[in-house]
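Structure, as structure tokens:
Every chain is numbered from 1, with letters handed out A, B, ... down the list of sequences.
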Amino acid sequence: MSPVAFCGLELAHPVLNGSGTFDAIAARRVFGDALLAAFPFSAFVSKTITLAPRDGNPPPRLWEAAAGMLNSIGLPNKGLQRYLAEDLPQLAQLPVPLVTNVMGANAAELCALVEACDARGEIAALELNVSCPNVATGLDLGADPASLAPVLREVRPLTRKPLIVKLTPNTADVARVAQAAEAEGADAVSLINTLRGMAAHPDGSGRPWLGGGRGGLSGPALRPVALAQVAAVAERVAIPIVGMGGIQTAAHARQFLAAGATLVAVGTESFRDPTVAGRLGLALADLAAQSGTAAP
Amino acid sequence: MSPVAFCGLELAHPVLNGSGTFDAIAARRVFGDALLAAFPFSAFVSKTITLAPRDGNPPPRLWEAAAGMLNSIGLPNKGLQRYLAEDLPQLAQLPVPLVTNVMGANAAELCALVEACDARGEIAALELNVSCPNVATGLDLGADPASLAPVLREVRPLTRKPLIVKLTPNTADVARVAQAAEAEGADAVSLINTLRGMAAHPDGSGRPWLGGGRGGLSGPALRPVALAQVAAVAERVAIPIVGMGGIQTAAHARQFLAAGATLVAVGTESFRDPTVAGRLGLALADLAAQSGTAAP
Amino acid sequence: MSADRTLAPFGRRRAVVVSERRVGAYSILELADRDGPAPQPGQFYMLAAGAGWGAGEDERPFLPRAFSAMGGAGGTLWFMLETVGPGTRRLATLRKGEAVWALGPLGRPFARPEDGRRALLCGGGIGLPPLVFLSGALRDAGLDAVLQLGFRDAAHAQVAAGFAGAQLATDDGSVGHHGLVTDLLAAELDADPHAVVYACGPPGMLEAVRRLCVARDVPGRLALEAGMACGYGACFGCVVPLAGGGYARVCVDGPVMEAAALAEIPAA
Amino acid sequence: MSADRTLAPFGRRRAVVVSERRVGAYSILELADRDGPAPQPGQFYMLAAGAGWGAGEDERPFLPRAFSAMGGAGGTLWFMLETVGPGTRRLATLRKGEAVWALGPLGRPFARPEDGRRALLCGGGIGLPPLVFLSGALRDAGLDAVLQLGFRDAAHAQVAAGFAGAQLATDDGSVGHHGLVTDLLAAELDADPHAVVYACGPPGMLEAVRRLCVARDVPGRLALEAGMACGYGACFGCVVPLAGGGYARVCVDGPVMEAAALAEIPAA
Ligand SMILES: Cc1cc2nc3c(=O)[nH]c(=O)nc-3n(C[C@H](O)[C@H](O)[C@H](O)COP(=O)(O)OP(=O)(O)OC[C@H]3O[C@@H](n4cnc5c(N)ncnc54)[C@H](O)[C@@H]3O)c2cc1C
Ligand SMILES: Cc1cc2nc3c(=O)[nH]c(=O)nc-3n(C[C@H](O)[C@H](O)[C@H](O)COP(=O)(O)OP(=O)(O)OC[C@H]3O[C@@H](n4cnc5c(N)ncnc54)[C@H](O)[C@@H]3O)c2cc1C
Ligand SMILES: Cc1cc2nc3c(=O)[nH]c(=O)nc-3n(C[C@H](O)[C@H](O)[C@H](O)COP(=O)(O)O)c2cc1C
Ligand SMILES: Cc1cc2nc3c(=O)[nH]c(=O)nc-3n(C[C@H](O)[C@H](O)[C@H](O)COP(=O)(O)O)c2cc1C
Ligand code: FES
Ligand code: FES
């Protein structure tokens with residue numbers, strides 16, 4: 001297969017998973033080692049890890065929308081220490097590089113997360129989630145260049161691993177935020193995260209369906225929004241872009257690549273079809289090699 | 001039918017049209033006076049009117065999306081003078097009050113529009129479009145409370161007619177903008193306008209399909225986003241809200257009313273079914289009277 | 001036939017599929033529309049399947065689709081469809097008895113030939129339905145019409161077998177004239193320029209007809225296509241550029257437009 | 001039967017509808033799944049129609065839906081469906097020969113009865129399929145099982161006619177015991193507490209079973225339901241609260257969970 005270059009990593013094809021939309025450890029329990037033999041993604045992005053463990057939001061956590069879904073998962077995770085101790089050894093068995101996605105409520109937390117991850121050889125790159133719509137802090141941080149920049153200034157020097165900033169789509173001008181990330185030394189940006197949304201309880205009471213109240217919209221419904229944001233960011237930054245949001249087919253992925261993305265990620269569509277990303281990867285590997293969309 | 005009170009108007013039911021999604025004059029050419037006999041909306045909202053005439057964007061102007069559509073219409077209209085001279089007399093024949101939607105590139109333009117409309121008795125209320133994603137000025141104005149407030153401060157004193165501010169959804173915190181509108185004397189806010197989106201040409205070239213480049217997403221795909229924004233605004237302002245975005249059924253409309261809207265508007269669904277809003281109005285009229293969602 | 005549009009009842013109606021059959025590359029769809037008025041040649045309907053609309057590629061179709069009436073009388077409507085995407089695919093798999101949402105008749109029909117001019121009807125591919133409808137209406141009105149139809153190949157031309165006396169052209173020469181249907185039109189205009197042209201077809205073909213008409217100062221009535229969301233003037237999406245600048249909405253100002261009123265017709 | 005899960009092949013497969021029939025208020029769907037392994041009682045599949053998925057109310061279904069295997073052997077799978085929304089509605093209108101996307105078998109199956117305990121199988125409504133599957137497997141293993149099934153009314157109970165020897169209860173008393181199926185369960189536990197309970201049904205019923213088991217210190221294995229997007233642990237959407245705090249994913253840690261491990265089961 002034709003390798004795709006991304007921030008110094010050599011990837012077999014340009015298709016990743018969206019953070020939080022594939023649990024390689026759980027999938028191995030379900031599918032066995034067949035998962036490793038046909039691993040669909042060219043790098044594996046972990047679910048968002050936080051400093052302290054989190055249970056996540058009360059159920060229901062899911063709502064099916066028109067051509068998409070809302071989730072209010074609430075970033076459940078074991079916390080940094082148990083992630084490093086328990087999950088990393090298992091994730092190291094995957095046949096692809098590992099990207100660890102982290103979120104902190106403030107600069108100090110993010111620094112602690114990034115420093116700890118920097119020390120671990122199993123981790124090939126870091127993704128900073130400054131965009132999760134379910135947790136107030138993540139939202140505020142990434143919606144405004146002025147609040148993002150000082151945080152990145154503290155975090156960036158703490159690792160030489162590639163640093164990807166995952167942007168929030170819930171902002172007036174995502175390209176300005178991307179420019180701030182580039183200026184502060186981000187190696188790449190990824191977008192889009194889910195759009196803030198809400199579902200009413202079908203009992204007609206007016207209360208929200210989701211246990212967490214608001215949720216995040218993903219899937220084909222938001223693909224036009226994602227494509228517009230990727231194109232807007234590509235016009236304004238030179239660093240590589242991981243484009244995502246509603247990608248279902250190789251044609252969709254090509255649209256994101258043509259709009260300026262170097263890599264793409266599949267999230268929601270993997271829920272419907274767990275091997276779809278591998279087929280897209282196969283279809284896109286040659287294209288990526290030919291067109292030289294690969295960034296240095 | 002049970003009247004719904006909205007900014008001093010008595011409406012037969014709580015369902016309007018979204019601005020730019022129903023042309024009552026064209027519809028009368030197509031359907032004849034049957035349109036008047038079964039007019040679906042309890043007030044008619046005009047397409048956005050600008051000071052100078054506009055041709056609008058080059059075609060193609062439409063893209064069908066998953067459970068929705070993108071448009072890049074570009075606000076074609078006759079300009080204020082011809083609207084007042086040619087259209088108003090025809091719109092005055094409608095059996096419902098008329099809301100005129102206007103957009104200006106700056107405060108001076110908006111003032112001229114509002115003053116001229118204030119002088120016309122055919123117009124029951126004004127809606128300020130500070131949210132159209134297709135024209136740079138409209139976007140910038142409504143995305144930021146700091147740019148919206150001074151404009152409203154100039155415009156508000158120029159009319160005693162109800163002033164509705166139509167908010168843009170393409171912003172980090174729509175409730176803050178709504179609060180600014182309320183503080184500057186808006187009588188109501190309406191939301192959501194279309195989400196910024198883009199479609200790639202199916203020829204795979206990567207160029208945008210729409211003649212205007214970017215477009216605006218509407219329809220069921222964005223309903224969860226619309227509902228979340230309406231709920232967020234309702235938590236922070238006391239003035240009435242016109243809620244819209246992907247409404248197709250009476251159940252959807254009820255969700256918006258339960259989230260805090262006083263009225264709802266139907267846009268894209270009228271393209272699929274031109275009489276749908278009338279059926280929703282019938283279904284909702286009693287509900288509105290009972291529950292007292294009607295604002296003073 | 002008259003130049004005024006037949007008004008559409010306000011509201012979409014549930015029509016029922018009477019028959020659906022394939023003829024070569026096309027499908028012929030016959031609908032029972034008991035409560036609807038008869039359309040005029042040039043008018044169209046917005047159609048959507050009564051069920052299963054929205055589960056095709058890319059989660060489409062979502063909006064209804066525009067189709068020219070190929071005929072309509074006594075509560076029955078005929079359409080001819082080419083399968084090009086999820087909407088036409090769904091409509092072409094409907095079975096007898098299934099429901100179709102229909103809004104129409106919509107748009108301005110073809111105006112009658114004036115000044116005793118001979119009617120030249122020139123259609124390309126899926127542009128055939130309104131012209132076939134028109135040629136029948138002219139015949140019923142005791143007027144003569146030349147019907148010229150162009151197709152890609154024999155599979156597409158197969159549908160023309162039903163229309164006796166039509167002049168045919170195919171791109172691959174497998175049936176009739178080897179070349180463009182506009183060659184046939186130019187020849188008729190050479191022979192007798194006291195004519196009025198009625199045309200429907202793909203944008204490139206309509207642009208050629210428009211140029212022919214303008215160059216020779218012959219009245220030309222072109223039935224246009226454009227992507228449509230509503231079909232009744234609500235969305236301002238379906239525009240074509242006008243000779244004098246600006247745009248017209250194909251659904252309410254057309255679909256039949258005078259050649260002289262139009263600027264260059266944009267490629268699809 | 002074993003306590004270990006049967007692994008799912010990695011990837012959804014195109015299964016084919018062998019038959020679809022209505023029994024009272026339910027549908028029985030039989031699929032040919034030639035390439036798939038046989039499931040164990042308690043395991044489930046994520047199913048979606050091969051075509052026409054996405055055109056129901058509110059433009060749904062979009063995601064696949066979870067269904068317990070009611071049986072599976074020799075490349076054939078059985079399911080029982082209750083029509084409650086767009087997904088089950090679409091699946092219940094499939095015809096012989098049509099395709100279904102199937103991912104599975106998924107989840108942890110029922111563990112065998114331990115210590116010579118008697119198996120009490122207690123199902124409510126659409127909770128019946130995994131218990132019917134289990135009762136057959138226990139019988140095949142030479143073990144005894146009591147099958148207790150509760151239904152709303154006679155129309156729903158009709159499906160139980162196929163399962164000889166089942167104790168029945170209905171809410172309206174039209175068939176069997178007039179009352180809750182958990183009354184039957186309590187009576188069996190009163191009679192002989194050396195038992196293990198297997199249960200599946202609506203949340204309120206499962207919560208009652210959970211309390212019974214915890215109160216009497218009897219092992220209970222509950223096959224849970226939860227809204228699911230993926231079925232294989234990817235989305236973290238399908239959680240239930242645990243007795244010790246925190247949540248477990250029903251799709252990978254369940255659907256069969258020990259009663260003692262669970263906190264109060266939330267209402268739907
Ligand atoms: C007045 C009028 C009369 C017509 N009469 C007939 C007729 O008699 N018979 C007939 O067969 N057709 C007729 N058409 C054309 C017909 O409406 C279109 O072919 C139809 O809309 C195609 O729908 P689809 O879903 O099958 O294909 P689509 O997927 O909609 O593709 C059709 C074309 O639309 C473009 N397209 C592709 N994807 C999209 C998208 N997501 N959003 C927007 N555009 C897209 C492309 O250019 C593509 O080639 C008529 C059109 C008009 C306006
Ligand atoms: C492990 C497991 C096994 C199962 N086994 C069976 C079985 O054997 N037979 C069977 O019939 N069912 C079974 N179910 C239940 C079945 O999966 C659901 O009933 C099915 O998902 C319903 O889909 P639907 O589209 O028909 O209904 P939906 O519209 O999805 O409605 C079903 C319920 O979901 C909620 N809901 C409504 N709208 C939405 C929305 N937009 N988003 C999210 N939730 C919504 C409501 O509570 C509603 O009552 C099982 C579920 C699980 C988890
Ligand atoms: C169930 C679910 C959980 C998610 N969890 C995370 C997460 O933990 N961290 C994160 O950065 N993004 C998370 N996302 C966002 C996705 O990575 C992705 O940005 C988004 O879903 C858009 O892509 P899609 O439309 O292909 O799903 C989550 C999305 C979903 C649907
Ligand atoms: C084709 C089209 C044209 C529109 N034109 C206008 C406009 O001129 N002015 C305006 O304020 N909003 C305009 N809108 C936005 C709608 O009024 C409405 O806010 C939006 O479409 C969301 O509602 P919906 O999902 O029901 O369509 C337009 C929307 C569409 C689809
Ligand atoms: S199709 Fe909507 S205006 Fe013509
Ligand atoms: S359904 Fe996705 S984790 Fe269980």
A side-chain contact here means heavy atoms from C-beta on lying under 4.5 Å apart; do [X] and [Y] qualify?
{"X": "C:Asp253", "Y": "B:Arg29", "answer": "yes"}
{"X": "C:Met228", "Y": "B:Phe271", "answer": "no"}
{"X": "C:Leu103", "Y": "B:Phe31", "answer": "yes"}

Practice problem: With sequence neighbours left out, write down each residue that passes salt bridge (Lys or Arg N to Asp or Glu O under 4.0 Å) with B:Asp33, or none if nothing qualifies. | Solution: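 In terms of salt bridge (Lys or Arg N to Asp or Glu O under 4.0 Å), with neighbours along the sequence ignored, B:Asp33 is linked to B:Arg28.
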Quiz item: Excluding sequence neighbours, so at least two apart, what forms salt bridge (Lys or Arg N to Asp or Glu O under 4.0 Å) with C:Arg221?
Solution: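 C:Glu114, C:Glu258.
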Self-check item: Nearest-0.5 Å distance that lies between atom CG in B:Asn57 and atom OH in C:Tyr247
Solution: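 Atom-to-atom, B:Asn57:CG and C:Tyr247:OH are 7.5 Å apart.
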Quiz item: Rounded to the nearest 0.5 Å, what separation is found between the CZ atom of B:Arg272 and the CZ atom of C:Arg12?
Solution: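 If we round to the nearest 0.5 Å, B:Arg272:CZ and C:Arg12:CZ are 6.5 Å apart.
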Shorter than 4.5 Å, heavy atoms on both sides: which option in [options] has the most such pairs with chain C?
{"options": "B:Gly278, B:Ala34, B:Gly56, B:Ser270", "answer": "B:Ser270"}
{"options": "B:Pro58, B:Gly219, B:Gly267", "answer": "B:Pro58"}
{"options": "B:Ile25, B:Val30, B:Leu35", "answer": "B:Val30"}
{"options": "B:Val276, B:Asp273, B:Thr21", "answer": "B:Asp273"}

In terms of heavy-atom proximity below 4.5 Å to chain B, should [X] be classed as side chain, backbone, both, or neither?
{"X": "C:Pro61", "result": "both"}
{"X": "C:Arg65", "result": "side chain"}
{"X": "C:Leu106", "result": "side chain"}

Practice problem: Could you please state which residues from residues 66-86 of chain C sit under 4.5 angstrom from chain B, measuring non-hydrogen atom to non-hydrogen atom, sorted by number, or 'none'? | Solution: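 The residues closer than 4.5 Å to chain B amount to none at all.
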Quiz item: Counting a contact as any heavy-atom pair under 4.5 Å apart, which residues of residues 59-69 of chain B contact chain C?
Solution: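 Expected list: B:Pro59, B:Arg61, B:Leu62, B:Glu64, B:Ala65, B:Ala66, B:Ala67, B:Gly68, B:Met69.
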Quiz prompt | Which atoms of B:Pro53 approach chain C - backbone, side chain, both or neither, heavy atom under 4.5 Å | solution =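 Contact with chain C is absent: no heavy atom of B:Pro53 under 4.5 Å.
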Quiz item: What residue in C:Ala8, C:Gly246, C:Pro9 has the most heavy-atom pairs under 4.5 Å with chain B?
Solution: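 Going by pairs under 4.5 Å, I would pick C:Ala8.
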Quiz prompt | Option that, when pairs with chain B are counted at under 4.5 Å, heavy atom only, ranks first among C:Pro64, C:Gly237, C:Cys238, C:Gly233 | solution =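 Most pairs with chain B among the choices: C:Gly237.
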